[in-house]
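The structure appears below as structure tokens.
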Amino acid sequence: MATTAPHPLVVRARRLARDLLVPWAERVDREEVPAGHLAAVRQSGVLGVSAPREYGGAGAPDAVAREIQEILAGACGSTWFVQTQHHTPVRMLARSGAPVRERLLRPLAAGELLAGIAYAHVRAYPRVPVRATAERDGWRFDGTVPWYTGWGLNDVMLLAGVTGAGEVVFAFTDAREQPGLRASPPMRLAALTAARTVSLELDGLRVPEESVVLRTPRDEFARVDIPRSANASPAVFGVAYAALRLLADAPGAEETAGALRAGLDEVRRRAYALADHPVPQEHVEERLALRTRAFDLMRAATTAAVVAGGGRAMSLGSPAQRLAREGMFLLVQGQTAPVREAQLAALSPSPHVKDG
């Protein structure tokens, strides 16, 4: 029976995970993502997986991009989290006709530049944490970005603010302190502290018009963002499968690992089929249900790996506890109100059914 060879970037991602990310994962978790890790990610070509070929990218299908994210997330959550920020700016530039596309898309696709994102706060609307104000020849940004990952590790950021008229403005600026932009010290988090997450204070940060990539009504942003965020994250599957590999190696745990893997395989198949559906606004309830089920299985897999590891799993040198903490982080990463509501509903105990 003929089999399809994996995409070359998937092969490189597996090699990167096996040779570098997995052996260093526990040390990175306690310290910070090393420059050498990010250099290897840049050189691997995975940063250009979704970029158009004419700009030096791979132009690979979404299925390839998802598999790469699974591999990296399962290998080292902190390294995955820094590089995963990069792909949204690349995709946005690829769809844009703005002049900034010609300046940034090629170096981002090649990994010459690494991008971060600062726009999740837009989901807080009608609260406006970051205000964008039109000025002569550009825009002024004021407010607070609560979360920005990769500070000191990436080169440019995709920043968003909301105007007084409810328009969302996305623009690129350098990911460094500059007039009007100040970063907090890196946050100490229960997981992924190594990814260097900070908050950003914006006080009159000026960005030229030629750095704007998109202006869109806030309602249109939500129309696109809410269905997209309902899809299950590849990182959830990556962490779950990594935990199941640990579990399968534990004495007496093979049956549990096999049952969890079968369930995970089925949810993954269905979730990715919906992610590829041509109309993102359709089947949102089913997408949310599958995302929630993926969380359930990830939590079961990481918990089982901790149980199988016994007391050793409490050591900071144990991959089981790291995966459990990274899984906890994924429960809230990219969370929207519909996602949170679906998760909480799934966690609510069912009412008791009385006999007769």
Side-chain angles (χ1 to χ4, degrees), residues 2-22 37-77 79-97 100-102 104-117 150 154-156 158 213-214 224-225 227-242 265 268-280 287 294 334:
T3 57
T4 303
H7 191 281
L9 286 182
V10 170
V11 174
R12 292 181 204 170
R14 288 173 179 165
R15 185 182 306 124
L16 177 66
R18 181 193 66 225
D19 296 346
L20 180 64
L21 302 188
V22 170
H37 276 43
L38 296 180
V41 169
R42 293 175 190 252
Q43 292 164 9
S44 71
V46 300
L47 295 178
V49 59
S50 300
R53 291 180 181 274
E54 59 268 30
Y55 285 85
D62 287 348
V64 173
R66 288 192 296 256
E67 188 170 1
I68 289 170
Q69 295 310 304
E70 286 185 13
I71 293 166
L72 300 183
C76 175
T79 303
W80 161 78
F81 195 45
V82 173
Q83 66 78 42
T84 201
Q85 316 293 313
H86 180 91
H87 300 283
T88 296
V90 167
R91 288 174 180 265
M92 188 174 288
L93 282 168
R95 294 192 299 266
S96 174
V100 70
R101 168 183 170 133
E102 299 307 313
L104 288 182
L105 185 50
R106 186 172 294 277
L108 288 172
E112 296 167 9
L113 294 176
L114 181 64
I117 54 175
N154 43 36
D155 306 299
V156 296
L158 176 65
V213 64
L214 177 67
V224 174
D225 181 62
R228 179 177 54 205
S229 62
N231 289 320
S233 166
V236 170
F237 296 111
V239 167
Y241 282 124
D265 288 346
R268 179 182 184 270
R269 182 189 65 78
R270 293 172 58 196
Y272 285 174
L274 282 179
D276 289 332
H277 190 279
V279 184
R287 295 170 195 266

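Along the sequence shown, residues carry numbers from 1. All values reported here derive from a predicted model rather than from experimental measurement.
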* Asked: Closest heavy-atom contact between A242 and G74?
  -> CB-O, 3.4 Å
* Any chance you could measure L114, atom CG, to H86, atom NE2, to the nearest 0.5 Å? => 6.5 Å
* Structure fact -> Residue set satisfying side chain to side chain contact (heavy atoms under 4.5 Å, CB included) with L214, at least two apart, ordered chain then number -> M92, F170, T216
* Which residues satisfy the side chain to side chain contact (heavy atoms under 4.5 Å, CB included) test with A75, sequence neighbours excluded? -> A17, L21, V22
Taking distance alone, no hydrogens or angles, what donor-acceptor pairs closer than 3.5 Å link side-chain atoms of residues 39-55 to residues at least two apart or in another chain?
residue	atom	partner	partner atom	Å
R42	NH1	G111	O	3.1
R42	NH1	E112	O	3.2
R42	NH1	D155	OD2	3.3
R42	NH2	D155	OD2	3.1
S44	OG	V41	O	2.7
S44	OG	V46	N	3.3
S50	OG	R91	NH2	3.1
R53	NH2	A58	O	3.4
Y55	OH	R101	NE	3.1
Y55	OH	E102	OE1	3.3
Y55	OH	E102	OE2	2.5

* Atom pair CG (L9) and CD1 (I68), whose distance is rounded to the nearest 0.5 Å -> 5.0 Å
* Keeping to residues at least two apart or across chains, list the salt bridge (Lys or Arg N to Asp or Glu O under 4.0 Å) pairs with something in residues 4-15. => R14-E67
* **R66: salt bridge (charged side-chain N to carboxylate O under 4.0 Å, His left out) partners, not counting sequence neighbours** => D276
* Structure fact -> Rounded to the nearest 0.5 Å, the CG atom of L16 sits from the CD1 atom of I71 at a distance of 9.5 Å
* To do: List for me each residue that meets side chain to side chain donor-acceptor pair (under 3.5 Å) alongside D19, sequence neighbours excluded, and say none if there are none.
  => none
* **Q69: side chain to side chain contact (heavy atoms under 4.5 Å, CB included) partners, not counting sequence neighbours** => W80, Q83, T84, H87, P234
* Asked: With R106, which residues qualify under salt bridge (charged side-chain N to carboxylate O under 4.0 Å, His left out), at least two apart?
  -> none
* Asked: Between A115 and P89, which heavy-atom pair has the shortest distance, and what is it?
  -> CB-CG, 3.9 Å
* Non-hydrogen atoms of R287 and V279 that approach each other most closely -> NH2-O, 3.4 Å
* Asked: By ring-ring contact (aromatic ring centres under 6.0 Å, His included), which residues pair with Y241, not counting sequence neighbours?
  -> none
* To do: For residues L20 and T79, determine if any side-chain heavy atom of one lies less than 4.5 Å from a side-chain heavy atom of the other.
  => no
* To do: Please tell me if the side chains of V100 and L93 come closer than 4.5 Å, counting only heavy atoms from C-beta onward.
  => yes
* Specify the closest pair of heavy atoms between A232 and Y272, including all atoms of both residues, with the distance to one decimal. => O-CE2, 4.5 Å
* Structure fact -> side chain to side chain donor-acceptor pair (under 3.5 Å) filter on R268, not counting sequence neighbours, yields E70
